[in-house]
Amino acid sequence: MAQKSISETQREQMFPVLDPSGIEKLKRFGELQRYPSGELVARAGKPNAGLILVLSGHLCVTPPGTPDAPIAVIGSGGFQGELMQLSGLSSLVDCRAEDDVEAVLIPPKSLRTLMIEEAELGELIMRALILRHAGLLEQNVGGPIIVGRAGDRDVLRLENFLRRNGHPYQSLDLETDSSAKTLIEHFNIQPPDLPTVLCPDGQILRNPTENQLARHIGLTRVMDASTVYDVAIIGAGPAGLAAAVYGTTEGLSVVVLDCHAFGGQAGASARIENYLGFPMGISGIELMERAYTQAQKFGAEMAISEEVEKLVQEDEFVLHLKSGSTVRARAVVIACGAEYRRLDISNIGPFEGSSVHYWASPVEARLCTDQEVALVGAGNSAGQAAVYLASQVRKVWMIVRGNGLAATMSRYLCDRIAAQPNIQILTRTEVSGLEGISGSLKTIRLKNRDSGEETEHPLRHLFLLIGAEPNTNWLAQSGIEVDAKGFVHAEALQDGDRHPFETNRAGIFAIGDVRAGSVKRVSAAVGEGAQVVAALHSFFAQNRPTGNPAKIPGSVQA
Ligand SMILES: Cc1cc2nc3c(=O)[nH]c(=O)nc-3n(C[C@H](O)[C@H](O)[C@H](O)COP(=O)(O)OP(=O)(O)OC[C@H]3O[C@@H](n4cnc5c(N)ncnc54)[C@H](O)[C@@H]3O)c2cc1C
């Protein structure tokens, strides 16, 4: 039986109708508007004016450029709006007045106030906006169309970017789709211009960067260089999003910048099983999507696809972005995380999360019960994982590039490994290939680094413990102290004059995986995101700007 869509199963929650008391409550957050019959009140790809509560008449919501295929007709007591509305970003749909409409227009800022002051109505609206977004994603409505060759690197780059940011899109394969060919001919698109992206507003982008695409489809907007935020957070992983939620709820104006997508490494995790409160586990992207929406609900400004390249100090801190824009803030939180080192094997992606693992917990061990596994690495983390796995699986093949473990691993771990009969070390060896189907590994190819000889091994799980690299190259000229591996020095506790999490430069804080000595886990990153807000308040209390005392954010709540 065909699975029912969200709009079929949750239609009532998607398009609720408010009773008269609900309408009265909402009225105080907006202004009365009249839309004559036929007026386009929202246009796909263009910024939204706000949530529209219909008092009389009807609004018709359609996919972009498809007026004859209504998604919904909204009458008295209903409201038009999407999740992107929370931050005033672009609409994914068109919306037209079917007849003369009297309505209340609630702009994004007032909508966020409404969510907080009218909790019950706020919940009803938030649920509707989330379901509508999920419905549009499910039906692929409202996003751009990527035209190129399936499997092409740049097609995958753009698809991956849109998917990770929860934005609908469609792809047309030039080789097989006749409409794609017509489009290419019609617009005289040359091979270097591929992939070409057709945006909902009709514009064509030729092999755009993620930032160009994001700006064009309204996923992010051009940064306003004149605004001075209380805090600029670099990185929208769990640490950055937590700091944004706790910062905004405690009265700070916050901007969060991320060069790729919200969610960070956690967003790439197929299933997080060790995060408090989710006994069944939760997919990383789902957990992070909730955090992202929550931060926006409280008013955090999100700048996705904006890469920070440089940090300088003028009257305030100034972040220089790769896109050419600048962002100003009175304090900076570095939450730009780390990247687990990956093997340089082109087809590794589909196996990650299912057959290729970056640590060994009981979850992974369960997957490998009674099997032989491969583990790459020769440091202490690799040693600990090998010893643990040896107690859970039939055999561990340790793949070591060098001559042995002694030079890179603590003695006690070397001894323990030597005492395990089911750990076999292959020195001077590296992984040279992976084979399998549908994300499931079947064979690992190993190469002897001296003889060049390759052998195939029927192993279904590969553990990579070859370290993580902090994303801190961009800090090179900033004067911020990092350790030998590039992780930022910042203590979790008050250290002399320094606030908790403050770096050697006053007003610049570091949290999460990028901080030297932090526990590299989602829960630890979230905890540091919450804690740093108290430290920010202490910093602001000591550094009141002269002549503008009103700018000081609210005090820390007890
Ligand atoms: C595949 C995988 C699975 C995992 N599973 C688990 C698990 O099950 N349980 C668990 O507890 N932990 C897990 N982890 C670890 C966990 O995800 C991390 O500890 C956590 O995400 C760290 O959060 P963070 O916010 O400090 O940094 P990150 O998650 O690394 O986020 C940093 C963000 O900063 C952005 N950024 C970097 N440089 C810049 C720049 N110059 N400008 C703008 N933005 C920038 C990045 O794009 C990224 O989005 C997993 C990690 C991976 C890779």
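Side chains included, hydrogens not; waters and symmetry mates left out as well; all remaining heavy atoms used. Atoms within each ligand, like the ligands themselves, are counted from 1 in listed order.
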*Asks:* Provide the number and element of each atom of ligand 1 under 4.0 Å from a heavy atom of Glu306.
*Replies:*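 Going through ligand 1 atom by atom, the ones under 4.0 Å from Glu306 are 43 (C).
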*Asks:* If we only consider heavy atoms of Glu309, is any one of them less than 4.0 Å away from an atom in ligand 1?
*Replies:* no
*Asks:* Measure the shortest side-chain to side-chain distance between Phe351 and Leu462 over non-hydrogen atoms and say whether it is less than 4.5 angstrom.
*Replies:* no
*Asks:* Taking distance alone, with N or O pairs closer than 3.5 Å, would you say Val308 contacts ligand 1?
*Replies:* yes
*Asks:* Should Ser523 be counted as touching ligand 1, given the test is an N or O pair under 3.5 Å?
*Replies:* no
*Asks:* Examine ligand 1 and decide if any of its atoms is less than 4.0 Å from a heavy atom belonging to Gly284.
*Replies:*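 For ligand 1, residue contact (heavy atoms, under 4.0 Å) with Gly284 is absent.
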*Asks:* One thing to verify: whether Glu82 and Arg132 come together as a salt bridge, which I'm taking to mean a side-chain N less than 4.0 angstrom from a carboxylate O.
*Replies:*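 Here Arg132 does not pair with Glu82 in a salt bridge, since their nearest N and O are not under 4.0 Å apart.
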*Asks:* Distance under 4.0 Å to a non-hydrogen atom of Gly337: what atoms of ligand 1 satisfy this?
*Replies:* 27 (O), 28 (P), 30 (O), 32 (C)
*Asks:* With nothing but distance in play, are any N or O atoms of Asn274 less than 3.5 Å from an N or O of ligand 1?
*Replies:* yes
*Asks:* Below 3.5 Å, N or O to N or O, backbone or side chain included: is there any such pair between Glu307 and ligand 1?
*Replies:* no
*Asks:* When you compare the side chains of Lys310 and Gln477, does any donor N or O come within less than 3.5 Å of an acceptor on the partner?
*Replies:*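 Gln477 and Lys310 do not have a side-chain donor-acceptor pair below 3.5 Å.
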*Asks:* Side chain, backbone, both or neither: which applies to Ala524 and ligand 1 if a contact is any heavy-atom pair less than 4.0 Å apart?
*Replies:* neither
*Asks:* Looking at Glu138 and Gly135, would you say the former's side chain and the latter's main chain have a donor-acceptor pair under 3.5 Å?
*Replies:*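 No.
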*Asks:* Heavy-atom distances under 4.0 Å decide this one: backbone, side chain, both or neither, for Pro238 against ligand 1?
*Replies:*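 Both backbone and side chain of Pro238 come within 4.0 Å of ligand 1.
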*Asks:* For residues Val482 and Phe487, determine if any side-chain heavy atom of one lies less than 4.5 Å from a side-chain heavy atom of the other.
*Replies:*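 In short, these two side chains do not touch, never coming nearer than 4.5 Å.
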*Asks:* If you measure from the Lys or Arg side-chain nitrogens to the Asp or Glu carboxylate oxygens, is any gap between Glu210 and Arg157 under 4.0 Å?
*Replies:*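 Arg157 and Glu210: salt-bridged.
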*Asks:* Decide if the gap between the ring center of Tyr292 and the ring center of Phe262 is smaller than 6.0 angstrom.
*Replies:* yes
*Asks:* With sequence neighbours excluded, what pairs up with His357 under the ring-ring contact (aromatic ring centres under 6.0 Å, His included) test?
*Replies:*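 Only His461, Phe463 meet the ring-ring contact (aromatic ring centres under 6.0 Å, His included) criterion with His357.
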*Asks:* Which residues satisfy the side-chain hydrogen bond (donor to acceptor under 3.5 Å, both in side chains) test with Glu491, sequence neighbours excluded?
*Replies:* none
*Asks:* Does Ser518 approach ligand 1 within less than 4.0 angstrom via side chain, backbone, both or neither, non-hydrogen atoms only?
*Replies:*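 Under 4.0 Å from ligand 1, Ser518 contributes no heavy atoms.
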*Asks:* Please report whether ligand 1 has a polar contact with Ile272, defined as an N or O pair separated by less than 3.5 Å (distance criterion only).
*Replies:*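 Between Ile272 and ligand 1, no N or O pair is found under 3.5 Å apart.
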*Asks:* Which ligand 1 atoms are under 4.0 Å away from a heavy-atom of Ala261?
*Replies:*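 Those qualifying, in numeric order: 49 (O).
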*Asks:* Give the numbers and elements of all ligand 1 atoms closer than 4.0 Å to a heavy atom of Gly512.
*Replies:* 26 (O)
*Asks:* Is the closest basic N to carboxylate O distance between Glu372 and Arg460 below 4.0 Å?
*Replies:*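 Looking at Glu372 and Arg460, the cut-off is not met.
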*Asks:* Nearest heavy atom to atom 22 (C) of ligand 1 wins, so pick from Val514, Leu475, Leu257, Asp513.
*Replies:* Asp513
*Asks:* Below 3.5 Å, N or O to N or O, backbone or side chain included: is there any such pair between Tyr358 and ligand 1?
*Replies:*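 By distance alone, the answer is no.
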